[in-house]
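Please read the structure below before turning to the comments.
Only heavy atoms go into these numbers, but all of them, side chains included; no hydrogens, no water, no symmetry mates. Just so we're on the same page: letters track the sequence lines, and every chain starts at 1.
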Amino acid sequence: MLEKIQTTEKNFKSDLSEVGDLNHLEELRIKYLGRKGLFAILFDEFKQLPNEEKPKYGQTLNRLKIQCQNEFNEIKSKFSETAEDDDKGIDLTLPGRSVNIGTKHILMQTLFQIKSIFKGLGFSVYEGPELESDYNNFEALNFPADHPARDMQDTFFVNENFLFRTHTSPVQVRLMKEKKPPIRAIIPGKVYRNEAISAKSYCLFHQVEGLYIDGNVSFAELKGTLVAFAKQFFGNDVKYRFRPSFFPFTEPSAEVDIWWQPKGKEGRWLEILGCGMVDPNVLENVGIDSEKYTGYAFGMGAERIAMLKYGIGDIRVFFDNDKRFLTQF
Amino acid sequence: MKISLNWLKEYIDLDGISNEEIINTLTVSGLEVDDVIDQSQQFENIVVGYVKEKKTHPNADKLSLCIVNDGTEDYSVVCGAPNVDAGQTIAFAKVGAIIPDGGFKITKAKIRGEHSYGMICSEKELGISGNRDGILVLDEKLKAGTPISDALGLNDVIIEIDITPNRADAFSHFGIARDLSATLNRPIKNIELCLSESEKNSTDLAEVVIENAEDCPRYVAKVVENVEIKESPKWLKKKLTNIGLRPRNNVVDVTNFILHELGQPLHAFDLDHLAGRKIIVKSANEKSKFTTLDSKEREMQNTDLMICDAEKPVAIAGVMGGENSEVTTDTKNILIESAYFRPSAIRKTAKKLGLSTDSSIRFERGCNPDITVFAAQRAAQLIAELSGGSVAKGEIDVYPNVIEKKVIELRHERLLKILGYNITKEVVNNSLTNLGLEIIECDDTKIKVVVPNFRHDLEREIDLIEEVARVNGYNKIPAVERIRITLEEKVDQSDYVENLRNNFVSLGFNEIVTNSLLNTKTAMEFGEGIAVLNPQSAEMTHSRTSLIPGMLSTVSKNIKVNEKNLRLFEIGHIFNKNHKGDIASFEDFTESENLLFALTGNAVESNWYSKEDKYDFYHLKGFVSEIIRTLSIKNKVQESYIIDDKFFNFAVEINYKSAVIGKGGKLKADILAEFDINQEVFAFDFNLSLLKAIEIEPPRFNELLKFPKVKRDFAFVLDKSIEAEKVMETIYGGSSKLLKSIKLFDIFESDSLGKDKKSLAFELEYYDFNNTLTEEDVDKDFRKAIEAVQIKLNAQLRGK
């Protein structure tokens with residue numbers, strides 16, 4: 001037994017002298033001082049000894065274990081100091097390792113913000129094709145052929161019957177045909193206008209339209225909903241006005257202006273959206289009883305709103321996709 | 001449409017209402033004001049001045065030094081005009097004035113050593129004509145100090161109103177006044193007619209025949225004899241110039257005046273140039289030629305309505321007159337046309353000819369058939385007054401197709417349901433009456449009204465509801481404070497794409513949005529483009545057939561501004577024909593939603609902790625794998641590889657069943673060259689329409705491992721041509737189910753390995769869900785894997 005104790009002591013000391021780093025030291029701790037380490041084995045053996053021999057070895061064993069533990073701790077603290085020495089020269093002012101999160105296009109961010117507000121107000125989100133039939137884009141929406149209303153939306157035609165949608169309203173038509181009221185939906189998407197490209201207009205833009213059809217939907221409810229939107233989007237103290245306008249698919253129709261006054265500049269009314277009560281002709285065209293159901297619809301352009309909100313003066317900048325622009329938002 | 005406020009006030013009393021209020025009232029009642037020009041504002045600090053003294057400038061022969069009095073003070077002014085002289089009454093721009101022509105501000109100045117406190121203006125500088133021959137000399141009766149706007153009568157406010165297509169009734173000064181009378185609840189001043197007529201009967205002097213009564217329901221003609229064609233008087237010229245019209249002669253100016261006063265377009269013919277003194281209204285001969293007033297020859301179709309005399313066409317009905325019957329200085333006798341044409345007929349012709357005139361835009365929205373006689377009478381009266389002519393008795397009024405007034409019923413309950421607020425019956429009745437509608441029946445629940453013929457837009461009950469709301473102001477309608485939310489199924493079709501967008505953003509990509517229209521060449525290069533019938537430019541003739549061109553244009557533009565390291569994506573629709581033929585239905589083309597991402601330049605830029613590292617194919621592949629993992633379709637799709645196809649040097653393709661749902665790789669240099677790019681670009685295109693259609697089971701929780709994993713590694717030397725995937729398949733093939741994953745952690749090529757050899761090093765991970773693996777179990781499996789690779793791939797185990 002004594003021999004074993006002495007060998008363990010000797011091995012421990014020689015092992016300890018060869019320790020190179022903290023990991024190695026930890027291995028050593030497990031080997032000798034761990035729960036199943038060599039000292040534990042020695043103590044197990046000690047327990048098996050006849051009682052009369054126990055005092056003889058007990059003291060030695062205990063002393064040795066404490067001694068080893070102390071030596072171990074001493075070496076450990078030495079190593080820890082060397083590790084801390086390494087930290088001493090660190091230059092904390094070096095820039096951090098670069099991490100890049102990308103960016104959503106500002107128009108998509110704007111659409112998302114608008115969408116989120118209306119989702120909170122209980123609207124579903126629907127999408128549809130951009131290449132549409134003349135019927136879905138005009139005819140069903142109460143734009144008669146050869147009517148001046150058609151001039152309001154300069155159109156890219158593919159032929160007599162197909163065109164690039166001039167608004168997302170054809171999705172409303174599809175929706176009203178497929179579903180029975182109540183219908184409460186917003187429709188974001190790309191729309192096209194045959195206009196020369198300039199600082200003020202582009203051949204396409206992004207629109208969000210909304211539609212609510214149910215029993216007893218009124219203009220007052222439309223107003224309440226849009227006022228709630230304007231407050232959430234532009235701030236609680238937004239100043240707004242509803243003024244009469246004309247759209248073939250709504251009646252009464254309105255446009256909504258908000259009072260816009262950038263710091264240090266003169267204020268003015270700026271149109272942000274068009275809206276109105278869904279025209280009974282439109283409801284009848286899609287097979288909804290216009291006596292039983294009423295509804296409202298509204299639509300707004302993301303570009304216009306983003307230009308306003310972020311102070312962008314030229315619409316083309318959205319579609320130039322200059323990285324220096326993209327990474328600003 | 002331009003409206004003169006002074007002119008407008010002839011029909012309605014607007015006293016006590018500020019200009020701002022008037023403008024606001026117009027806008028909030030649906031007559032949107034686009035622009036306001038206050039004439040007097042641009043003449044601020046410009047007054048009538050009196051030249052007290054004039055002497056030659058001591059240092060410049062061509063300049064004079066004047067003393068100008070503005071009624072209170074004398075100013076020293078240097079003037080360059082040769083016609084300036086002492087004793088003249090002139091337009092004097094004081095210090096602080098902004099010169100209307102050019103917009104420069106008058107300041108104290110020193111001209112050739114002499115002080116000058118203002119400027120004596122020419123007509124051109126005042127912006128009232130192009131005349132720059134010296135200064136404007138005014139009537140000497142004008143008092144010095146009078147604002148020049150008053151002196152010149154330029155104190156009008158010109159209001160530009162955007163008339164919506166439904167409001168034909170408001171397309172004139174009288175029409176606007178009528179609408180204001182309803183919104184302001186003030187009376188309209190009716191126009192008095194004081195017509196004196198000769199003994200001769202109109203019907204004896206000319207004849208009107210309508211052959212096409214569908215397109216021309218009514219034609220009224222009035223004759224004025226012995227007119228003298230000359231310049232119009234000042235008051236008339238001013239009215240016209242103020243709203244941007246050029247005065248011509250007393251007859252044409254009167255017809256224009258009536259158009260802008262009443263909204264009824266008129267045309268004056270030289271009666272002596274009308275063969276047979278006859279008007280025949282009929283359809284044009286197919287492909288006949290006709291020269292309009294603007295000296296342009298136009299080709300007509302048989303759907304166009306023409307005004308003809310006994311021999312030839314003399315005007316395109318409702319659009320423009322002909323050169324052959326124009327009123328000239330020699331004209332003695334005139335026939336005034338005051339007709340009502342069918343709106344869609346005029347619109348069709350005007351649109352086809354690309355000719356939009358003050359007359360056609362009114363006819364195509366719908367004029368008032370009931371005002372034709374009055375308009376002709378008023379025009380005749382004015383022409384006679386201004387030209388000394390005599391008006392023949394009566395009119396020729398041919399009205400074969402009588403336009404009946406509409407009768408509409410309005411239920412009060414329906415009105416409340418639509419508007420959602422309480423509005424009394426009295427208010428409703430009053431509003432409609434003020435608009436000129438006649439209530440013929442009225443009970444507790446509903447009213448019946450007759451709509452005058454100037455309101456073509458009022459056809460249904462809903463139209464009346466809108467009028468009531470409009471006239472009373474939308475601001476009176478309350479915004480409800482509670483809204484209903486329906487408990488239907490909630491859908492967000494944009495969710496899937498929004499998640500993808502978020503993932504790409506978190507992977508460091510910048511999103512772009514590009515034009516969906518391309519030029520023919522590019523569109524056809526990338527697919528079967530759909531042509532636009534009426535393109536805006538040669539660069540935008542077809543729908544985009546792929547997102548690649550837009551991406552490459554973006555990359556190219558960015559490289560030009562020195563943004564060379566790009567990680568971009570775009571989500572958008574692309575359009576391809578399914579065959580070469582025309583598009584007759586939705587089956588003839590495919591519109592799909594795609595996502596394209598591209599990598600170019602450096603993946604890692606050189607930094608204090610890293611060296612720069614270019615993007616390569618494996619970056620692209622890594623993103624593809626990670627996106628596929630996030631979409632939970634990893635186990636449903638297969639990868640395949642392509643070398644050298646149309647767009648890519650090499651590419652990876654993702655397939656689901658038989659469909660390609662994604663494809664991308666290294667773009668070919670010749671494609672890049674088309675976009676002027678000379679750095680490598682890697683791009684990958686997902687077809688989201690197909691991706692979305694793949695059914696995904698909701699994810700299920702996998703129990704976490706209770707037992708330790710065991711790792712082993714090895715390296716082999718084998719033929720370079722053997723693909724990594726083949727080696728991994730062989731390892732799996734030779735192993736039991738305990739082998740759970742393989743990681744290729746090193747590739748090494750060197751001559752020391754032998755010609756066309758490479759070394760691949762793998763780390764293998766073993767575990768068992770139910771037990772702790774023993775070393776023996778793993779070693780056994782590991783040895784079998786080694787053997788499999790050695791034998792099947794003729795590989796050599798390295799090291800150990």
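For chain A, the nearby parts of B:Lys417 are the backbone and the side chain; heavy atoms of each come within less than 4.5 Å. Proximity to chain A is limited to the side chain of B:Asp582, based on heavy atoms less than 4.5 angstrom apart. When heavy atoms are compared at a cutoff of 4.5 Å, B:Asn534 approaches chain A by way of both its backbone and its side chain. At a 4.5 Å heavy-atom cutoff, the contact between B:Leu568 and chain A is made by side-chain atoms alone. For B:Arg501, the part sitting under 4.5 Å from any heavy atom of chain A is the side chain, from C-beta outward, and nothing else. For a residue to count as touching a neighbouring chain, one of its non-hydrogen atoms must lie under 4.5 Å from one of that chain's; by this rule A:Ile183 touches chain B with the backbone only. At a 4.5 Å heavy-atom cutoff, the contact between A:Val217 and chain B is made by backbone and side-chain atoms alike. Interface remark: A:Leu131 contributes backbone and side-chain atoms alike to the contact with chain B (heavy atom separation under 4.5 Å). Within the 4.5 angstrom heavy-atom criterion, only side-chain atoms of A:Asp279, from C-beta onward, approach chain B. When heavy atoms are compared at a cutoff of 4.5 Å, A:Ser98 approaches chain B by way of both its backbone and its side chain. Of the atoms belonging to B:Thr514, heavy atoms from both backbone and side chain fall under 4.5 Å from chain A. Using a 4.5 Å cut-off between heavy atoms, B:Asp495 contacts chain A through its side chain alone, with no backbone atom that close. Residue contact with chain A, scored on non-hydrogen atoms closer than 4.5 Å, is absent for B:Asp588. Contact annotation for A:Phe325: neither backbone nor side-chain heavy atoms come within less than 4.5 Å of a heavy atom of chain B. Proximity to chain A (any heavy atom under 4.5 Å) is restricted, for B:Leu517, to the side chain, taken from C-beta onward. For chain B, no part of A:Asn161 is nearby; none of its heavy atoms comes within less than 4.5 Å. With a 4.5 angstrom heavy-atom cutoff, A:Tyr202 touches chain B only via side-chain atoms. The part of A:Arg241 that comes within reach of chain B is its side chain, from C-beta onward, which places non-hydrogen atoms under 4.5 angstrom from that chain. When heavy atoms are compared at a cutoff of 4.5 Å, B:Glu489 approaches chain A solely by way of its backbone atoms N, CA, C and O. Within the 4.5 angstrom heavy-atom criterion, atoms from both the backbone and the side chain of B:Gln536 approach chain A. Contact of B:Ser553 with chain A is not made at all, since no heavy-atom distance falls under 4.5 Å. There is no contact between A:Pro188 and chain B, counting heavy-atom distances below 4.5 Å. For chain B, the nearby parts of A:Asn281 are the backbone and the side chain; heavy atoms of each come within less than 4.5 Å. Proximity to chain B is limited to the side chain of A:Glu255, based on heavy atoms less than 4.5 angstrom apart.
Across every non-hydrogen atom of B:Lys490 and A:Gly122, the tightest pair is CE-O, 3.0 Å. Here the closest non-hydrogen pair linking B:Ser29 and A:Pro244 is C-CG, 3.6 Å. Here the shortest heavy-atom pairing between A:Val227 and B:Ala479 reads CG2-CB, 4.1 Å. Smallest separation of non-hydrogen atoms from A:Lys223 and B:Ile477: NZ-O, 2.5 Å. Between B:Ile485 and A:Gly120, the shortest heavy-atom contact is CD1-O, 4.4 Å. In terms of heavy-atom proximity, A:Pro252 sits nearest to B:Glu466 at CA-OE2, 3.2 Å.
Counting heavy-atom pairs closer than 4.5 Å to chain B, the top-ranked of the candidates A:Ile106, A:Asp320, A:Val99, A:Ile197 is A:Asp320. Between chain B and the options A:Tyr296, A:Phe123, A:Phe318, A:Tyr212, the largest number of non-hydrogen pairs under 4.5 Å is found for A:Tyr212. Among the candidates A:Trp269, A:Tyr240, A:Phe112, the residue making the largest number of heavy-atom pairs closer than 4.5 Å to chain B is A:Phe112.
Two residues are said to be in side-chain contact when any heavy atoms from C-beta on lie closer than 4.5 Å; A:Cys203 and B:Asn515 meet this criterion. In this structure, the side chains of B:Val561 and A:Asp322 come closer than 4.5 Å at one or more pairs of heavy atoms. Contact annotation: the side chain of B:Ile571 never approaches that of A:His105 to less than 4.5 Å [non-hydrogen atoms, C-beta and beyond]. Looking at heavy atoms from C-beta onward, B:Asp492 lies in side-chain contact with A:Lys119 at the 4.5 angstrom threshold. By the 4.5 Å heavy-atom criterion applied to side chains, B:Val513 and A:Lys190 are counted as neighbours. Within the 4.5 Å cutoff, the side chain of A:Leu326 has no heavy atoms near those of the B:Glu511 side chain. Contact check for A:Glu291 versus B:Arg414: side-chain heavy atoms found under the 4.5 Å cut-off. In this structure the side chain of A:Tyr126 reaches within 4.5 angstrom of the side chain of B:Val491, judged on heavy atoms.
The aromatic ring centroids of A:Phe219 and B:Tyr474 lie less than 6.0 Å from each other.
Side chains of A:Lys104 and B:Asn502: a donor-acceptor N/O pair is present below 3.5 angstrom, by distance only. With hydrogens and angles left out, the side-chain atoms of A:Lys115 and B:Ser494 include a donor and acceptor closer than 3.5 Å. Side-chain contact check for B:Arg567 and A:Asn100: no donor-acceptor pair (N or O, by modelled atom type) lies under 3.5 Å.
Of the possible donor and acceptor atoms, one in the side chain of B:Asn558 sits under 3.5 Å from a partner among the backbone N and O of A:Lys323. With hydrogens and angles ignored, the 3.5 Å screen pairs no side-chain donor or acceptor of B:Trp608 with any backbone N or O of A:Arg97. Judged by distance alone, the side chain of B:Gln493 and the main-chain N or O of A:Glu127 form a donor-acceptor pair under 3.5 Å. Distance alone, capped at 3.5 Å, is enough to place a donor-acceptor pair between the A:Arg184 side chain and the B:Arg484 backbone.
Relative to the six-membered ring of B:Phe586, A:Arg174 meets both conditions, a distance below 6.0 Å and an angle of at most 45° to the axis.
Residue B:Phe575 forms a ring pair (Phe, Tyr, Trp, His ring centres under 6.0 Å) with just one option from A:Phe156, A:Phe162, A:Phe164, and that option is A:Phe164.
Summarising the local packing, CD1 of A:Ile101 is surrounded by 12 or fewer heavy atoms from other residues, nucleotides or ligands at distances under 6.0 Å.
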